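Presented below is the structure to which this report refers.
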Amino acid sequence: MSQSLRRSDNLKFTDLLFKRVSVLWDNEVNNDFIVQMAKGVLDIERFKNYLMQDYFYLLDYLDILKKLKNMCVHECLSNHLDKMINETMHETYSVHVPYMNRVGITQKEIFNCKIELVIKDYISYIKSVIEEHTMLGGVIALLQCSWGYAYVSEKAWKLYGNDEHSLYKDWFDAYSMGSYIDANQDWIDLINEMTRFLDTDQAEILCDIFVKCAQFENQFWNVL
């Protein structure tokens with residue numbers, strides 16, 4: 001394995017992934033949109049736009065999870081994908097949609113919402129990863145989003161959150177709740193098992209996918 005990917009007995013593949021994106025994730029933590037949301041001062045219209053944009057992204061994310069489930073031939077991974085599908089459905093319909101209703105987003109606004117180009121490009125990239133690198137590439141791409149949200153929400157609230165009654169507090173809670181953290185940890189553990197015997201080229205490709213997805217996330221926050 002090359003120098004950049006050489007692992008000790010205690011260093012797991014997801015440790016390498018984290019090292020590759022830690023700066024990008026911290027950029028998200030300190031993004032103006034995230035900071036204002038944590039402080040409770042974000043303009044509500046900007047937040048409404050975010051909710052609609054992320055709603056469309058979640059629908060595609062859910063479809064991609066289902067596609068991976070249909071491709072899967074490994075029972076352990078298949079069971080995990082079932083969990084992630086259920087978790088994402090909960091996030092979409094029990095957290096996200098009620099939040100949209102709470103802030104007064106109408107069906108007309110959803111219908112007229114123009115999806116940001118970065119979201120279209122991001123989804124297209126994930127789909128291309130699955131086509132080119134099959135199951136493992138797709139799982140790595142989706143993990144970045146789920147794990148990244150957990151990292152960003154927890155750290156941003158610790159640094160900037162100062163109002164327990166903020167309209168946006170529930171957003172941070174949703175991505176730091178026990179079931180969400182546990183689902184991510186199951187995903188991390190599974191990927192570490194799946195990548196135990198990667199060669200250098202395979203590892204580099206997966207690391208690059210993870211980084212590219214984190215770059216898309218940064219671009220997303222920047223356009224909101």
Side-chain angles (χ1 to χ4, degrees), residues 13-14 16-18 20-21 24-25 27-28 49-93 95-97 110-111 113-152 175 180 183-184 186-188 190-195 198-199 201-224:
F13 183 67
T14 54
L16 294 173
L17 294 177
F18 179 78
R20 292 290 184 93
V21 299
L24 290 167
W25 282 359
N27 286 345
E28 293 180 54
N49 179 54
Y50 156 73
L51 285 176
M52 288 187 286
Q53 298 293 334
D54 202 44
Y55 172 69
F56 291 123
Y57 171 79
L58 282 170
L59 294 179
D60 280 321
Y61 188 96
L62 188 56
D63 284 343
I64 292 170
L65 277 172
K66 292 176 179 178
K67 179 177 180 178
L68 290 174
K69 162 69 177 178
N70 290 334
M71 293 169 56
C72 190
V73 295
H74 302 289
E75 182 178 2
C76 185
L77 178 56
S78 180
N79 291 338
H80 177 72
L81 288 170
D82 278 334
K83 291 180 182 179
M84 294 310 302
I85 289 169
N86 291 334
E87 188 69 30
T88 305
M89 290 183 68
H90 172 78
E91 178 186 352
T92 303
Y93 298 108
V95 177
H96 215 81
V97 171
I110 296 172
F111 180 79
C113 180
K114 182 180 179 181
I115 303 174
E116 295 286 354
L117 180 60
V118 63
I119 292 181
K120 295 179 180 179
D121 290 344
Y122 190 7
I123 292 298
S124 293
Y125 175 72
I126 295 175
K127 290 179 178 178
S128 72
V129 164
I130 295 171
E131 292 297 323
E132 186 173 353
H133 304 291
T134 63
M135 176 67 65
L136 186 55
V139 171
I140 289 287
L142 296 186
L143 172 65
Q144 189 286 144
C145 177
S146 184
W147 187 8
Y149 257 56
Y151 177 91
V152 170
Y175 295 108
Y180 191 81
N184 275 317
D186 288 344
W187 204 335
I188 289 167
L190 183 59
I191 284 178
N192 283 329
E193 181 63 28
M194 293 172 67
T195 56
L198 284 182
D199 63 31
D201 291 341
Q202 290 174 314
E204 283 287 0
I205 288 170
L206 295 178
C207 283
D208 287 346
I209 290 169
F210 205 73
V211 170
K212 182 68 173 178
C213 289
Q215 291 170 340
F216 274 118
E217 297 278 355
N218 271 255
Q219 293 172 37
F220 173 60
W221 294 115
N222 286 338
V223 301
L224 293 173

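When a residue number appears, it is its place in the shown sequence, counting from 1. Given the structure is predicted, the values throughout are model-derived calculations rather than measurements.
Residues Leu17 and Phe13 are in side-chain contact: their nearest non-hydrogen atoms beyond the backbone lie under 4.5 Å apart. Side chains of Val21 and Trp147 form no contact here, defined as non-hydrogen atoms less than 4.5 Å apart.
Note that CD1 of Ile191 and CG of Asp186 are 11.5 Å apart. Values are rounded to the nearest 0.5 Å. Interatomic distance, Leu58 CG to Asp63 CG, rounded to the nearest 0.5 Å: 11.0 Å. Annotation: the span from Lys212 atom NZ to Gln215 atom CD amounts to 5.5 Å, rounded to 0.5 Å. The line from CG of Leu65 to CG of Asp82 is 10.0 Å long, rounded to the nearest 0.5 Å. Leu190 CG to Thr195 OG1: the interatomic distance, rounded to the nearest 0.5 Å, is 9.5 Å. Atom CD1 in Ile85 sits 13.0 Å away from atom NZ in Lys83 (nearest 0.5 Å).
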Identify all side-chain donor-acceptor contacts of residues 114-124 below 3.5 Å with residues at least two apart in sequence or on another chain.
residue: Tyr122; atom: OH; partner: Gln144; partner atom: NE2; Å: 3.3
residue: Tyr122; atom: OH; partner: Glu217; partner atom: OE2; Å: 2.8
residue: Ser124; atom: OG; partner: Lys120; partner atom: O; Å: 2.9

Tell me which donor-acceptor pairs under 3.5 Å the side chains of residues 126-133 have, and how far apart each pair is, sequence neighbours excluded?
residue: Ser128; atom: OG; partner: Tyr125; partner atom: O; Å: 2.6
residue: Glu131; atom: OE2; partner: Lys67; partner atom: NZ; Å: 3.0

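The closest donor-acceptor contact from the side chain of Tyr180 to the backbone of Ser146 lies under 3.5 Å. Looking only at distances, a side-chain donor or acceptor of His96 sits under 3.5 Å from a matching main-chain atom of Leu51. Side chain of Asn218 to main chain of Leu24: a donor-acceptor pair is present (N/O by atom type, distance under 3.5 Å, no hydrogens or angles).
With sequence neighbours excluded, the residues satisfying side-chain hydrogen bond (donor to acceptor under 3.5 Å, both in side chains) with Asn49 are Gln53.
Annotation for Ala141 and Ile209: closest pair CB-CG2, 4.0 Å, computed over non-hydrogen atoms. Contact record, Asn184 with Ala150: ND2-CB, 3.7 Å, taken as the closest heavy-atom pair. The nearest pair of heavy atoms linking Leu62 to Tyr93 is CD2-CE1, 4.5 Å.
A side chain to side chain contact (heavy atoms under 4.5 Å, CB included) with Trp187 holds for exactly one of Ile140, Leu77, Leu81, Leu142; it is Leu142.
Ring centroid separation for the pair Tyr151 and Phe18 comes in under the 6.0 Å cut-off.
Classification of the Trp221-Tyr50 ring pair by plane angle, with boundaries at 30° and 60°, yields parallel.
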Cys145 and Phe216: CA distance, side-chain angles, deciding distance, side-chain contact (heavy atoms from CB on, under 4.5 Å) verdict: CA-CA 10 Å; Cys145 177; Phe216 274 118; over 6 Å; no
